[in-house]
Amino acid sequence: MFVFEVEGKDVNSFARCGKIVTGHGVIQTPVFMPVGTQATVKALTPDDLYELNINVILANTYHLYLRPGADLISKARGLHSFMNWNKSLLTDSGGFQVFSLSRLRQITDEGVYFRSHIDGSRHFLTPEMVMNVQQQLGADIIMCFDECCAYDCSYEEAHNAVTRTTKWAERCLSAHEPEGQALFGIVQGGMFEELRSKSMDQLIPLDFPGYAIGGLSVGESKDDMYRVLSFTAPKLPDDKPRYLMGVGSPEDLLQGVKNGIDMFDCVLPTRLARHGSAFTSKGRITVRNFTFAEDFSPLDDECDCYVCKNYSRAYIRHLIKAGELLVHRLLSIHNLYFLENLMKNIRNSIKIQKFNEFHHDFLVKYNSSSNARN
RNA sequence: GGAGGGAUACCCAAGCGGCCAAAGGGGGCAGACUGUAAAUCUGUUGGCGACGCCUUCGAAGGUUCGAAUCCUUCUCCCUCCA
């Protein structure tokens, strides 16, 4: 089951709000999806996530294929059951790993030769195989196997990646057994408007139930990212969810929504958490820093999360300095709460036609503090 | 009382005549992090009016063009023998 409905549109931007319904529940959009690459959102239990009102998370096909293996997860009656997650699940195809672990692979039209980052063993990934694995995992939304290229790649490289991504998208579609799982296409094209258009022209006729924008937030400047976003997102089908892959800083989420994006995923909140930083309404803070040693106020005095209601910056800093694992949990809870709260406010602002105002006000405050930076 | 071993920067610990303001850890401080090879990575960590100068390797003397490195004495610590 997969349904997408637009329920409200902002008249002053491309922003819209709505809902996605899968076999595992309703997802209000725009939505931020936490990343749980290895079938776990690091440091958190599913109950923690339910508590945070999170209705969809990501897992990664490439990582789970290598370990523990798709057959094993299949024997466990699928990923939902295996990891004890009963809300919606999206699996990324592994296309990004082909990019980020690029030293270990060789790409051909047929597929990708790959060496495992775990034990060096050889693997050959094809679109068909990736579809098969994703089917075994059983997520509600699955992704095409795509080729992501670096932000500074040449026109020719980006062009080749677009062509290959389209061919692979067609093969993914043929290999896809539709029941229960929605397969999304992924638009590539680097920083080139022409190629982004070409990619969309080729993928839109394939009529995927949703479209993702890949190849952004891979190191390019914010100007570049926003530029690509502006000439890509609004041109994706209006009646289907648009998913900006890999984006998760508050300012980028707002910019994405403004351009009509409905879904985001990002490791940023959970990674920052494990590395000792927190989002606050006045900007990002590095809680690890000395300046917070005797700061007995909450991470964010405007936040109502469990962590802000119960713990001080000084205590959290102490946990970081002491290497205590609890801090991963506490900061992950806070950072995810912060983003989910942001998305909730975004949805509400769209409903009442005040998105631009909210966007502006949020940024003014977010960029205001002297000890915070973005 | 006798015989050895040791004292190095915030901590541990290399160095054993010049290339040593002194390796490497740890700790401290700071920076980075955007479809997670990430509880990770990077920088920095004696003082300055810094491509140079000043003060440092237990203390005080000495040898040498030159000492953390060699010699003498002293202080403290450890091991063994009485």
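All values below were derived from every heavy atom in this structure, side-chain atoms included, with hydrogens, water molecules and symmetry-related copies excluded. Order of the sequence lines fixes the chain letters, A, B, ..., with proteins taken first and strands second; residue numbering starts at 1 for each chain.
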request  = Mind running side-chain contact (heavy atoms from CB on, under 4.5 Å) on V364(A) and N367(A) for me, showing each step along the way?
outcome  = CA-CA 6 Å; V364(A) 166; N367(A) 295 326; over 6 Å; no
query = What do the steps show when you test R313(A) against D300(A) for salt bridge (charged side-chain N to carboxylate O under 4.0 Å, His left out), and what is the final call?
reply = CA-CA 9 Å; R313(A) 293 170 164 188; D300(A) 182 354; over 6 Å; no
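Neither side chain, N55(A) nor S88(A), offers a donor N or O lying under 3.5 Å from an acceptor on the other. Of the N and O atoms on the side chains of Y226(A) and N259(A), not one donor lies less than 3.5 Å from an acceptor on the other residue.
One can place NE2 of H117(A) at 10 Å from C1' of U36(B), the figure rounded to the nearest angstrom. At whole-Å resolution of the value, CG in N335(A) and C1' in C33(B) are 12 Å apart. Taking atom CD on E220(A) and atom P on C33(B), their separation rounds to 12 Å, with Å as the unit. Counting to the nearest Å, the C1' atom of U36(B) and the CG atom of D92(A) are 11 Å from each other. M263(A) places its CE atom 11 Å from the C1' atom of G35(B), with the value rounded to the nearest Å. Per the geometry, CZ belonging to R271(A) stands 10 Å off C1' belonging to C41(B), to the nearest Å. The nearest whole Å value for the distance from the CZ atom in F99(A) to the P atom in A37(B) is 11 Å. Distance Y65(A) OH to U36(B) P: 17 Å, rounded to the nearest Å.
Residue-level contact check: G215(A) touches the bases, meaning some heavy atom is under 4.0 Å from a base atom. Counting non-hydrogen atoms under 4.0 angstrom, D265(A) reaches the backbone sugars and phosphates but no base.
A salt bridge is absent between D10(A) and R16(A); no separation between the charged side-chain nitrogens and carboxylate oxygens falls under 4.0 Å.
Remark: C16(B) base-pairs with no nucleotide; criterion is Watson-Crick or G-U wobble with both hydrogen-bond distances under 3.5 Å. Pairing for C80(B) is with G2(B), a Watson-Crick or G-U wobble pair whose two hydrogen-bonding atom distances lie under 3.5 Å. Searching all strands for a Watson-Crick or G-U wobble partner of C74(B) with both distances below 3.5 Å returns G58(B). Pair assignment for U40(B): A32(B), on the basis of Watson-Crick or G-U wobble contacts that are both within less than 3.5 Å. Using Watson-Crick or G-U wobble geometry with both donor-acceptor distances under 3.5 Å, A22(B) finds no partner in any strand shown.
You'll find that the side chain of Q97(A) is closest to A37(B), out of A37(B), A39(B), A30(B). Checking A39(B), C29(B), U36(B) against the side-chain heavy atoms of F290(A) singles out C29(B) as nearest.
Rounded to whole Å, the separation between the P atoms of U42(B) and G24(B) comes to 13 Å. A30(B) and C19(B): their C1' atoms are spaced 31 Å apart (whole Å). Here, G43(B) and U72(B) have their P atoms 44 Å apart, quoted to the whole Å. A distance of about 10 Å separates the C1' atoms of U45(B) and C10(B), rounded to the whole Å. When the P atom is compared between G18(B) and C71(B), the two are found 15 Å apart, to the nearest whole Å. When the C1' atom is compared between C29(B) and C74(B), the two are found 39 Å apart, to the nearest whole Å. G6(B) and C12(B) are spaced 15 Å apart, taking the C1' atom of each and rounding to whole Å. Of the C1' atoms belonging to C76(B) and G27(B), the separation is 26 Å, rounded to the nearest Å.
Of all non-hydrogen atoms in A169(A) and L203(A), the two that sit nearest each other are CB-CD2, 3.6 Å. Heavy-atom minimum distance, M143(A) versus I186(A): CE-CG1, 3.6 Å.
Under 3.5 Å, the side chain of S100(A) and the base of U36(B) form no donor-acceptor pair of N or O atoms.
Where E147(A) and L325(A) each meet RNA chain B at their nearest nucleotide, the meeting point lying more 5' is that of E147(A). Remark on RNA chain B: of its neighbouring residues H328(A) and C144(A), the 5'-side contact belongs to C144(A), judged by nearest-heavy-atom nucleotide.
By the salt bridge (charged side-chain N to carboxylate O under 4.0 Å, His left out) test, K365(A) is found to be paired with E302(A), residues two or more places apart in sequence or in another chain being considered.
Between K321(A) and the phosphate of C29(B), there is a side-chain N or O to OP1/OP2 separation shorter than 4.0 Å. Taking side-chain N and O atoms only, R317(A) has no distance below 4.0 Å to OP1 or OP2 of G28(B). Residue R284(A) has a polar side-chain atom (N or O) positioned under 4.0 Å from OP1 or OP2 of C33(B).
In this structure, Y366(A) and F362(A) have parallel ring planes: the angle between them is below the 30° cut-off, well short of the 60° mark.
Expressed to the nearest 0.5 Å, how far CG of D48(A) lies from CD of E51(A) amounts to 8.0 Å.
Across residues 32-63 of chain A, V35(A), T37(A), K42(A), L58(A), N60(A), H63(A) each have a non-hydrogen atom less than 4.0 Å from an atom of RNA chain B (numbered order).
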